[in-house]
Enquirer: 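Structure provided below as structure tokens; questions to follow.
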Amino acid sequence: MAEGTVIAENTGGELMQDSVSRTLAIEMLDGEWKAGESLTLEALQSRFGISRTVAREVAKTLESMNAVLVKRRIGLVARPFGEWQALNHQVIEWRLHSTQREQQLSSLTELRLAVEPAAAASVARLAPIDVKAKFPVYAAQMRQIAEANEEGEAGLAQFHDLDVEFHTLILHESGNELFAALSDTIATVLRGRVELGKYPMKPKSDALDAHDAVADAIAKGEPERARSAMLDIVDEVARALNFF
């Protein structure tokens, strides 16, 4: 593992816990802390300058993700990534900031291709009229922001917030509790693509048109057109990332 990483004492207990957990998780993902290798709580305290209490919270966080086993008198034992909770949004965020980011984006894009077109079709078929009416409003707001924002950051964050809300609402209103449970996962990858610089500073017109088409199909109760238009959205992502 990398030497000399220090988390400031005055950043607050929860932030230190999160920072240390993230650092250690990324080291496991990057192969610096290999599966089967152990790390004592004392070593954690010494390396990061943290209290015993914070070290225990770090252990609990990583253990809750199946990233480590916590053994008495041994400490934290790294586990292979195949045993981690791969769909947990925290694990996804860690992986997006590791050397495995391309694999993570590819896997999540495949998941989106499988789930989101079906979810959009279900919303067009099942959602109440007042819910369906929200989608054209979201799409219009996204287009307005995108077209007003000339290759700059102003307003772009607002655009992405609306994009997350658009896709989250589709998953939640699909009538499928498993789709709804994936909303945090999809939101994490939507935000992660932006944070990693994998999204253009000015949204493409094709993407805006596809969101308009999904919104219109849902509002008019046309499931197959909603499915096809959502497939266009995720397909555009796959092409932009050169995955398929």
Enquirer: Hey, does V68 have a side-chain heavy atom less than 4.5 Å from the side chain of W33?
Expert: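 When only atoms from C-beta onward are counted, V68 and W33 do touch, with a gap below 4.5 Å.
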Enquirer: Starting at CG of L182, measure out to CG of L87 and round the result to the nearest 0.5 Å.
Expert: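 Result: 6.0 Å between the selected atoms.
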Enquirer: Taking only Lys NZ, Arg NE, NH1 and NH2, and the carboxylate oxygens of Asp or Glu, determine whether E93 and R191 approach each other closer than 4.0 Å.
Expert: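 Salt bridge absent between E93 and R191.
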Enquirer: Looking only at heavy atoms, which two atoms of S174 and S122 are closest? And how far apart?
Expert: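 Reported closest heavy-atom pair: O-CB, 3.2 Å.
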Enquirer: If you measure from the Lys or Arg side-chain nitrogens to the Asp or Glu carboxylate oxygens, is any gap between D209 and R143 under 4.0 Å?
Expert: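 A salt bridge links D209 with R143.
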Enquirer: Give the minimum heavy-atom separation between A114 and P117, together with the two atoms involved.
Expert: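 The pair with the smallest heavy-atom distance is C-CD, 4.5 Å.
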Enquirer: Check whether L126 and I218 end up in the same hydrophobic cluster, where Ile, Leu, Val, Met, Phe, Trp and Tyr are linked by side-chain heavy atoms less than 4.5 Å apart.
Expert: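 Each belongs to a different hydrophobic cluster.
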Enquirer: Linking Ile, Leu, Val, Met, Phe, Trp and Tyr through side-chain heavy atoms less than 4.5 Å apart, which residues share a cluster with L69?
Expert: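 Under the 4.5 Å side-chain rule, L69 groups with I74, V77.
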Enquirer: Please check: side-chain N/O of K132 versus main-chain N/O of A124, any donor-acceptor pairing under 3.5 Å?
Expert: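 Side chain of K132 to backbone of A124: a pair is present.
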Enquirer: Could you walk me through whether L24 and F48 pass side-chain contact (heavy atoms from CB on, under 4.5 Å), step by step?
Expert: CA-CA 11 Å; L24 294 175; F48 294 102; 4.1 Å; yes
Enquirer: Looking only at heavy atoms, which two atoms of M16 and I50 are closest? And how far apart?
Expert: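 Shortest heavy-atom separation between M16 and I50 comes out as SD-CG2, 4.0 Å.
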Enquirer: Could you check whether any side-chain heavy atom of L208 comes within less than 4.5 Å of a side-chain heavy atom of F159, counting everything from C-beta outward?
Expert: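 In contact.
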Enquirer: Taking it one step at a time, do L171 and V115 satisfy side-chain contact (heavy atoms from CB on, under 4.5 Å)?
Expert: CA-CA 9 Å; L171 294 167; V115 168; 3.9 Å; yes
Enquirer: To the nearest 0.5 Å, tell me how far D235 CG sits from T109 OG1.
Expert: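 Answer rounded to 0.5 Å: 10.5 Å.
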Enquirer: Can you find a heavy atom in the side chain of S21 that is under 4.5 Å from one in the side chain of W94?
Expert: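 With C-beta onward as the side chain, the pair touches.
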Enquirer: State whether the side chain of S46 and the backbone N or O of A43 hold a donor-acceptor pair below 3.5 Å, judged by distance alone.
Expert: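 No: the side chain of S46 does not pair with the backbone of A43.
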Enquirer: What closest approach, in Å, do A120 and M230 show between heavy atoms, and which atom pair accounts for it?
Expert: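 For A120 versus M230, the nearest heavy atoms are CB-CB, 3.9 Å.
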Enquirer: Measure from the side-chain N and O atoms of S107 to the backbone N and O of Q104, and report whether any donor-acceptor pair falls under 3.5 Å.
Expert: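 Looks like no, no N/O pair under 3.5 Å.
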Enquirer: I'd like to know if L96 and I26 are part of one continuous hydrophobic network [Ile/Leu/Val/Met/Phe/Trp/Tyr, side-chain heavy atoms within less than 4.5 Å].
Expert: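 No, I26 does not connect to L96 through the hydrophobic network.
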Enquirer: Per the salt bridge (charged side-chain N to carboxylate O under 4.0 Å, His left out) rule, which among R22, K34, R47 passes with E27?
Expert: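 Testing each of R22, K34, R47 against E27, the sole residue satisfying salt bridge (charged side-chain N to carboxylate O under 4.0 Å, His left out) is R47.
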Enquirer: Between M28 and A78, which heavy-atom pair has the shortest distance, and what is it?
Expert: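 Scanning both residues completely, I find the closest heavy atoms to be SD-CB, 3.6 Å.
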Enquirer: Ignoring hydrogens and angles, tell me if any N or O in the side chain of S228 forms a donor-acceptor pair with the backbone of E224 under 3.5 Å.
Expert: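 Between the backbone of E224 and the side chain of S228 there is no qualifying donor-acceptor contact (under 3.5 Å).
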Enquirer: Hey, are the side chains of I170 and V214 touching, using non-hydrogen atoms and a 4.5 Å cut-off?
Expert: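 Yes, close enough: below the 4.5 Å cut-off.
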Enquirer: Please assess E116 against I233 for the test side-chain contact (heavy atoms from CB on, under 4.5 Å), listing each intermediate value before the final yes or no.
Expert: CA-CA 9 Å; E116 290 196 75; I233 289 176; over 6 Å; no
Enquirer: Determine which pairs satisfy ring-ring contact (aromatic ring centres under 6.0 Å, His included) with at least one residue from residues 99-124, sequence neighbours left out, and list them in order.
Expert: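 Passing the test, one end in residues 99-124: no pairs.
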Enquirer: Please give me the minimum heavy-atom distance between A139 and D212, naming the atom from each residue.
Expert: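 Here A139 and D212 meet closest at CB-OD1, 3.4 Å.
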Enquirer: Atom OH of Y138 and atom OG1 of T168: how far apart are they, to the nearest 0.5 Å?
Expert: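 Answer rounded to 0.5 Å: 8.5 Å.
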Enquirer: Say you draw a straight line from NE2 of H167 to CZ of R112; how long is it, rounded to the nearest 0.5 Å?
Expert: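 Reported value, rounded in 0.5 Å steps: 5.0 Å.
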Enquirer: Can a donor-acceptor pair be found, under 3.5 Å and without considering hydrogens, that links the side chain of D30 to the backbone of S98?
Expert: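 Not confirmed, D30 side chain does not pair with S98 backbone.
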Enquirer: Is any side-chain heavy atom of L190 closer than 4.5 Å to one of H160?
Expert: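 Answer no - side chains too far apart.
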Enquirer: Between E57 and K60, does at least one N-O distance fall below 4.0 Å, as a salt bridge requires?
Expert: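 So E57 pairs with K60 through a salt bridge.
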Enquirer: Just how far is it from atom CZ of R52 to atom CD of E42, taken to the nearest 0.5 Å?
Expert: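 Result: 4.0 Å between the selected atoms.
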Enquirer: Do Q158 and Q141 have side-chain heavy atoms sitting under 4.5 Å apart?
Expert: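 Side chain of Q158 against side chain of Q141, heavy atoms only: no contact under 4.5 Å found.
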Enquirer: Taking C-beta and beyond as the side chain, do L41 and L76 meet within less than 4.5 Å on heavy atoms?
Expert: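 Of all side-chain heavy-atom pairs linking L76 with L41, at least one is under 4.5 Å.
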Enquirer: Is there a donor-acceptor contact under 3.5 Å from the side chain of Q100 to the main chain of L29?
Expert: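 Yes; at least one donor-acceptor contact below 3.5 Å.
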Enquirer: Would you call V54 and V20 a side-chain contact if the rule is heavy atoms closer than 4.5 Å?
Expert: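 No, their side chains stay 4.5 Å or more apart.
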Enquirer: CZ of F81 to CG of N66: how many Å apart, nearest 0.5 Å?
Expert: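 Going from the CZ atom of F81 to the CG atom of N66 covers 11.0 Å.
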